[in-house]
Each structure stands twice: as structure tokens, then as C-alpha cells.
> 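Got a structure for you, questions after.
If you're wondering where the values come from, they're calculated on a predicted model, not measured in any experiment. Lettering follows sequence order; numbering is per chain, from 1.
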Number of protein chains: 2
Amino acid sequence: MRIGELAERAGTTAKTLRFYEEQGLLPPAERTPSGYRDYAPETVARIDFVHRGQAAGLTLAQIRQILDIRDGGHAPCEHVRDLLDARLAEIEQQIAQLAALRDTIAGLRNDAAKPDLDSCSPDQVCRYL
Amino acid sequence: MRIGELAERAGTTAKTLRFYEEQGLLPPAERTPSGYRDYAPETVARIDFVHRGQAAGLTLAQIRQILDIRDGGHAPCEHVRDLLDARLAEIEQQIAQLAALRDTIAGLRNDAAKPDLDSCSPDQVCRYL
DNA sequence: CTTGACCTTCCCCTGCACTGGAAGGTCCAG
DNA sequence: CTGGACCTTCCAGTGCAGGGGAAGGTCAAG
């Protein structure tokens with residue numbers, strides 16, 4: 001299978017697949033005599049795994065780590081569990097930060113709606129901020 | 001006031017202030033005869049405004065728009081209100097996406113804890129993903 | 001007179017995950 | 001044999017908000 005077909009089957013682009021190879025997410029592809037990359041059908045599953053990892057919010061570098069462990073013949077379970085736990089903690093923190101930001105902005109927005117603040121003071125940039 | 005002092009007073013770095021000038025957030029500074037930038041004390045307030053805008057999650061480009069309007073002699077209130085409203089909507093969406101991602105990951109993590117999945121299947125990369 | 005702190009411009013680098021485009025090679029149908 | 005679809009490598013850029021560091025000018029203290 002050539003790179004274009006693989007890309008289509010895996011729902012991505014040829015450009016991205018070359019990038020993945022460069023980043024070590026895909027092993028260097030076999031080549032036809034004329035130099036075209038030639039992929040085994042199973043490669044689709046590997047790309048799907050990359051996509052699932054991305055859907056879980058992992059970076060390509062983290063996904064690469066998992067694949068490296070697996071390619072080394074080991075089970076990456078513990079590592080993956082740690083990564084997922086770390087992501088969970090990060091996400092909770094991000095949500096908390098965004099919630100705080102939302103409250104801040106909502107407060108600014110509210111203050112601005114007060115009737116006694118109808119005029120903009122000329123010596124400040126903006127009464128909203 | 002020279003750039004180093006201004007940076008310290010405003011809680012930032014000289015490098016960043018030159019960057020802000022380049023980006024149009026600060027007007028081109030006055031220069032001493034020897035070419036040093038020379039700032040009026042009020043400049044601190046402008047930089048503080050930039051920081052408040054950032055704290056509200058606005059990009060430098062958006063903050064620049066506000067400053068441009070104000071520098072043009074108009075009140076940027078409506079524009080700022082629209083920006084804040086847009087930010088609020090964005091934040092809500094980001095929170096919702098993160099919450100969904102959190103649930104996804106927590107689900108994966110949970111599945112992995114099931115006792116009947118103790119062994120990693122050798123034909124998949126990882127049972128967690 | 002020299003040292004050291006400060007300033008100037010200039011260009012490149014960071015992280016993340018790609019994307020665009022140029023110049024050229026290959027393959028198959030008509 | 002020609003056209004077009006596909007492939008190759010390599011270089012460069014995207015967005016965001018700066019940071020690093022070189023090469024050189026300026027200023028006040030000792």
C-alpha cells in the first residue's frame with residue numbers, strides 16, 4: 001500500500017504520515033524499487049492508536065513513548081496509566097483555571113452593566129478592564 | 001525613565017517591552033540624545049492594562065485593538081464588551097470539551113482497573129487506549 | 001581610565017502538530 | 001508519447017508570546 005492509500009484509510013494525509021515517520025511514531029517504511037514508501041495493512045491500526053492517544057489528550061511525544069515501549073517488547077500499561085492519571089490531573093487544573101477566568105470575566109461584564117458607570121472615564125483605557 | 005526601570009515597575013522585562021512596542025501595544029518611545037528609550041511614568045498604567053487584558057484571556061492582538069480604539073479618541077466599551085462576551089462563550093466551550101475529555105480518560109482508566117483484563121493482549125498496543 | 005551595568009539593533013529559537021510549495025521522479029491510461 | 005496522478009526530498013512557514021545571545025554604544029562610579 002502506498003502512502004496516499006494509507007492516509008485515506010487512516011483518515012489523515014500523506015504529509016502527516018511522513019511527519020509521523022520523521023517523529024518516530026511510524027517505523028521507517030519499506031520502499032518499492034522506485035523509492036515509494038510501501039506499507040503493510042496493519043499500519044492502519046498503528047495510526048488509529050495514535051489518533052486514540054490524541055483523542056485522550058496525549059502529545060505525540062507521549063504517544064511515541066508508549067509505542068517505543070511496546071515496540072521494545074514490553075507492556076506499556078503502567079506507563080500509560082501514569083500518563084492518563086497525569087492528564088486527568090492536568091485537565092482538572094485547566095478546568096479550575098478556566099472556571100476562575102470565567103468568573104473573573106463575568107464579574108467584569110457585570111460591573112460594566114451597572115447604571116452608575118455609564119460614562120467612560122477619560123483617564124483610563126476602559127472601565128471594563 | 002529608561003526601559004529597565006519601566007520593566008521592573010510594570011513587572012515585566014525590557015525584552016518584552018521592546019516586543020510590545022514592535023507589536024503596536026506601546027507607541028514608539030521617546031529617545032534620549034544617545035538613543036535610549038525614555039518613558040513617561042504613565043506608561044506603567046498602559047502596561048498594567050495589557051496585563052489585565054491578558055488576565056482576562058485576551059490575546060495581545062485583541063488588547064491592541066482596544067488600545068487603538070482608545071488612542072483614536074473613542075471609548076472602546078462596546079468592543080470590549082463584545083470581546084469579553086466572546087471570551088466567555090469560548091471558555092464555556094473549552095470547559096465543556098475538557099470535561100468531556102476528562103470523562104473519556106476516566107472511563108479508560110476505569111476499564112483498565114477491571115480484574116478480568118489483567119493480561120495485555122499481545123496483538124494490540126495497549127488495552128488502555 | 002577602566003569596569004560594570006545598562007542600553008541599542010539584529011537575527012534566530014522555543015513548543016506543538018502540522019501545512020505549503022518547489023523541483024523533480026514514477027507509473028499507468030489513452 | 002504524453003498527460004495527469006501520484007510519489008520523493010527539502011526548505012520554510014503557521015500562531016502565540018516572547019526568550020537567548022551576539023556585537024556594539026553609553027554612562028556613572030571608583
> Quick test of your reading of the model: are R87(B) and D82(B) salt-bridged, counting only N-O distances below 4.0 Å?
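Salt bridge flag = no for D82(B) with R87(B).
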> Do V44(B) and Y39(B) touch side chain to side chain, with heavy atoms closer than 4.5 Å?
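Sidechains of Y39(B) and V44(B): no contact.
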> Could you say whether F19(A) or I3(B) is positioned toward the 5' end of DNA chain C, judged by the nucleotide with the nearest heavy atom to each?
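Of the two residues, I3(B) wins.
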> So if I take residues 10-18 of chain A and measure heavy-atom distances to DNA chain C, which residues fall below 4.0 Å?
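Within this stretch, T13(A), K15(A), T16(A) sit under 4.0 Å of the strand.
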> Is there a side-chain contact between L6(A) and I47(A) in this structure, where contact means two heavy atoms from C-beta onward sitting under 4.5 Å apart?
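Of all side-chain heavy-atom pairs linking I47(A) with L6(A), at least one is under 4.5 Å.
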> For R64(A), what residues pass the salt bridge (Lys or Arg N to Asp or Glu O under 4.0 Å) criterion, not counting sequence neighbours?
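D68(A).
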> Using a heavy-atom cut-off of under 4.0 Å over every strand shown, decide if Q23(B) touches base, sugar-phosphate, or nothing.
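Counting heavy atoms under 4.0 Å across all strands, no contact is made by Q23(B).
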> Less than 3.5 Å apart, which donor and acceptor atoms pair up between the side chains of residues 19-35 of chain B and the rest of the protein, not counting sequence neighbours?
from   : atom 1 : to     : atom 2 : distance (Å)
E21(B) : OE1    : R37(B) : NE     : 3.0
R31(B) : NH1    : G35(B) : O      : 2.9
T32(B) : OG1    : S34(B) : N      : 3.4
T32(B) : OG1    : S34(B) : OG     : 3.1
T32(B) : OG1    : Y36(B) : N      : 3.1

> E5(B) CD to dC27(D) C1': how many Å, rounded?
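Atom CD in E5(B) sits about 15 Å away from atom C1' in dC27(D).
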> Quick one: CD on Q62(B) to NE2 on H79(B), what's the gap to the nearest 0.5 Å?
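Rounded to the nearest 0.5 Å, the CD-NE2 separation comes to 7.5 Å.
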> For the pair R109(A) and D85(B), find out whether any cationic side-chain nitrogen is under 4.0 Å from an anionic carboxylate oxygen.
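Yes, this pair counts.
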> Side chains of D71(B) and R46(B): closer than 4.5 Å at any heavy-atom pair?
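Of all side-chain heavy-atom pairs linking R46(B) with D71(B), at least one is under 4.5 Å.
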> Can you find a pair of side-chain heavy atoms, one from T59(A) and one from Q54(A), that are under 4.5 Å apart?
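A side-chain contact is absent here, since even the closest heavy-atom pair is not under 4.5 Å.
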> Just the endpoints, please: which first and last nucleotides of DNA chain C, 5' to 3', lie under 4.0 Å from a heavy atom of chain A?
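Terminal contacting nucleotides, 5' to 3': dA17(C) to dC27(C).
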> Using a strict 4.0 Å threshold on nitrogen-to-oxygen distance, state whether R9(A) and E5(A) make a salt bridge.
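Here R9(A) pairs with E5(A) in a salt bridge, since their nearest N and O are under 4.0 Å apart.
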> Quick one: bend of the helix from dC1(C)-dG30(D) to dG30(C)-dC1(D) from 5 pairs per end, to 10°?
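Axis-to-axis angle, ends of the helix: 30°.
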> Can you tell me how far P of dT9(D) sits from CD of E22(A), to the nearest Å?
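Spelled out: CD on E22(A) to P on dT9(D) is 10 Å.
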> Mind running a 4.0 Å heavy-atom check of residues 24-39 of chain B against DNA chain C and sending the residues that fall below it, in number order?
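Under 4.0 Å from DNA chain C: R31(B), G35(B), Y36(B), R37(B).
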